[in-house]
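Written below as structure tokens is the structure these notes are about.
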Amino acid sequence: MLCALGSAVCFGTASVLQAVAARASAPGSGSGVDPVLLLRVLRQWRYLAGLALDGLGFLLELVALRSLPIYAVGAALAASLAVTAVVASRVLGVRLSGMEWGAVCVVCGGLALLGLASGAEGHGTGSTALRVGTLVAAAAVLALGTVAGRLPGRARAAALGLGAGFGFGVVEVAVRLVDDLSPVRVLTNPASYALLLGGGAAFLLLTSALQRGSVTVATAGMVIGETLLPAMAGVIWLGDRTRPGLEPLAVAGFVLAVLGALALARFGEVAGEE
């Protein structure tokens, strides 16, 4: 859980830096899958610093996913928006209202409940069909980005954010499906390629959403995409469970953490404006 929370700190801080860098870059082609835009923002030092934090956060996420159920890690990652709010208040001089500080407390409380109720990760290794399914889902994220880039305004930002969330969700599930780290098994496991494709697609979509759309809407969509479906996959196919008798506590903690994070999604917009 400490690694999951450390990952949230890294991702939350990185989002402030990347939103500022994306808004400072020249517009791309307008497509949701725009590698040229990604190359352009890579010239911004804030974006590079954000990527470094993302890399550290991803390593911590990998450790967490090897020990905790996906639903616990997903809720912790959603709490990165609370980190974004706090960092924005300190670094960018953004003022949090009493209600917004309350939302931060709700996120922290939800994570505390979830930490108390979470059991160990499930022992399911997933079927071949699930491994192939993650690869298909990763490719679908790219297709969604291509279509979403043609939508107008808020619909575009919501679709791109949701697609990015699905991409990050694919990564969460794929990490659990790469159970044998021997070179031959890694190279022949479809989940290995799903991890790379899903993560790359998510970064492309999120960068495009931050650059041209409403960051508030995009981050809200991302939180939904990276928490709900991966959590369901972990429970249904990988055997993730809570400690005996603490299922209601886990559900309450998950709901509180996600709702609190969604209430703070507007801080992506604040960071982008700065």
Side-chain angles (χ1 to χ4, degrees), residues 1-15 57-58 60-87 89 96-124 161-162 164-166 168-176 216 219-268:
M1 182 58 82
L2 287 175
C3 286
L5 294 175
S7 180
V9 170
C10 291
F11 290 148
T13 305
S15 69
F58 180 65
L60 293 172
E61 180 187 356
L62 290 181
V63 175
L65 284 167
R66 289 294 182 180
S67 305
L68 287 176
I70 292 176
Y71 65 79
V73 178
L77 295 182
S80 65
L81 288 175
V83 177
T84 297
V86 174
V87 171
S89 70
L96 278 74
S97 67
M99 184 175 294
E100 287 151 355
W101 277 115
V104 172
C105 292
V106 167
V107 170
C108 295
L111 289 174
L113 293 178
L114 200 56
L116 290 172
S118 297
E121 66 168 344
H123 298 296
L162 187 63
F166 287 154
F168 290 129
V170 166
V171 171
E172 293 173 26
V173 176
V175 166
R176 290 279 297 276
T216 299
T219 47
M222 183 184 67
V223 167
I224 293 171
E226 73 178 349
T227 53
L228 300 183
L229 292 182
M232 291 173 60
V235 171
I236 295 172
W237 290 303
L238 298 177
D240 288 347
R241 295 293 183 269
T242 65
R243 293 179 183 179
L246 295 183
E247 291 87 353
L249 195 65
V251 172
F254 182 87
V255 170
L256 285 174
V258 173
L259 289 180
L262 289 174
L264 290 164
R266 81 173 191 89
F267 275 87

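Remember, predicted model here, so these are calculated numbers, not experimental data. Values reported hereafter were calculated over all heavy atoms of this structure, with side chains retained and with hydrogens, waters and symmetry mates removed.
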Query raised in the report: Testing Ile70, Val171, Leu60 for side-chain contact (heavy atoms from CB on, under 4.5 Å) with Leu65, which one passes?
Result: Ile70

Query raised in the report: Which pair of heavy atoms, one from Thr242 and one from Glu247, lies closest together, and at what distance?
Result: OG1-CG, 3.3 Å

Query - Any side-chain heavy-atom pair of Val83 and Phe11 under 4.5 Å - result: no

Query raised in the report: For Arg66, does its backbone N or O pair with a side-chain atom of Arg176 as donor and acceptor, under 3.5 Å?
Result: no

Query - Donor-acceptor under 3.5 Å (Ser7 side chain, Gly57 main chain) - result: yes

Query raised in the report: In Å, rounded to the nearest 0.5 Å, how long is the span from CE of Met1 to CG of Leu116?
Result: 9.0 Å

Query raised in the report: If we only count heavy atoms from C-beta on, is the Trp101 to Val106 side-chain gap below 4.5 Å?
Result: no

Query - Minimum heavy-atom distance between Glu172 and Glu61, given as atom pair plus value - result: CG-OE2, 3.4 Å

Query raised in the report: How many angstroms lie between atom CG of Leu68 and atom CG of Leu2, to the nearest 0.5 angstrom?
Result: 9.5 Å

Query raised in the report: If you look at every heavy atom in Leu114 and Phe254, which pair is closest and at what distance?
Result: CD1-N, 4.0 Å

Report summary line: All heavy atoms of Ser118 vs all of Pro69, minimum pair found to be CB-CD, 4.5 Å

Report task. Report the distance from atom SG of Cys108 to atom CG of Leu256, rounding to the nearest 0.5 Å. Result -> 11.5 Å

**Report entry** Heavy-atom closest contact (Ala76 atom, Leu5 atom, distance)
**Finding:** CB-CD2, 4.4 Å

Query raised in the report: Of all heavy-atom pairs between Ala103 and Ala263, which one has the smallest distance, and what is that distance?
Result: CB-CB, 4.1 Å

Report summary line: Here the gap from Met232 atom CE to Leu238 atom CG, rounded to the nearest 0.5 Å, amounts to 13.0 Å

Query raised in the report: Backbone N or O of Leu77 within a donor-acceptor pair of the Ser80 side chain at under 3.5 Å?
Result: yes

Query raised in the report: Step by step, would you call Leu262 with Ile224 a side chain to side chain contact (heavy atoms under 4.5 Å, CB included)?
Result: CA-CA 8 Å; Leu262 289 174; Ile224 293 171; 4.3 Å; yes

Query raised in the report: Is there a donor-acceptor pair closer than 3.5 Å between any side-chain N or O of Glu100 and the backbone N or O of Ser97?
Result: yes

Query raised in the report: So, does Tyr71 use its side chain to make a donor-acceptor pair with the main chain of Arg241 at under 3.5 Å?
Result: yes

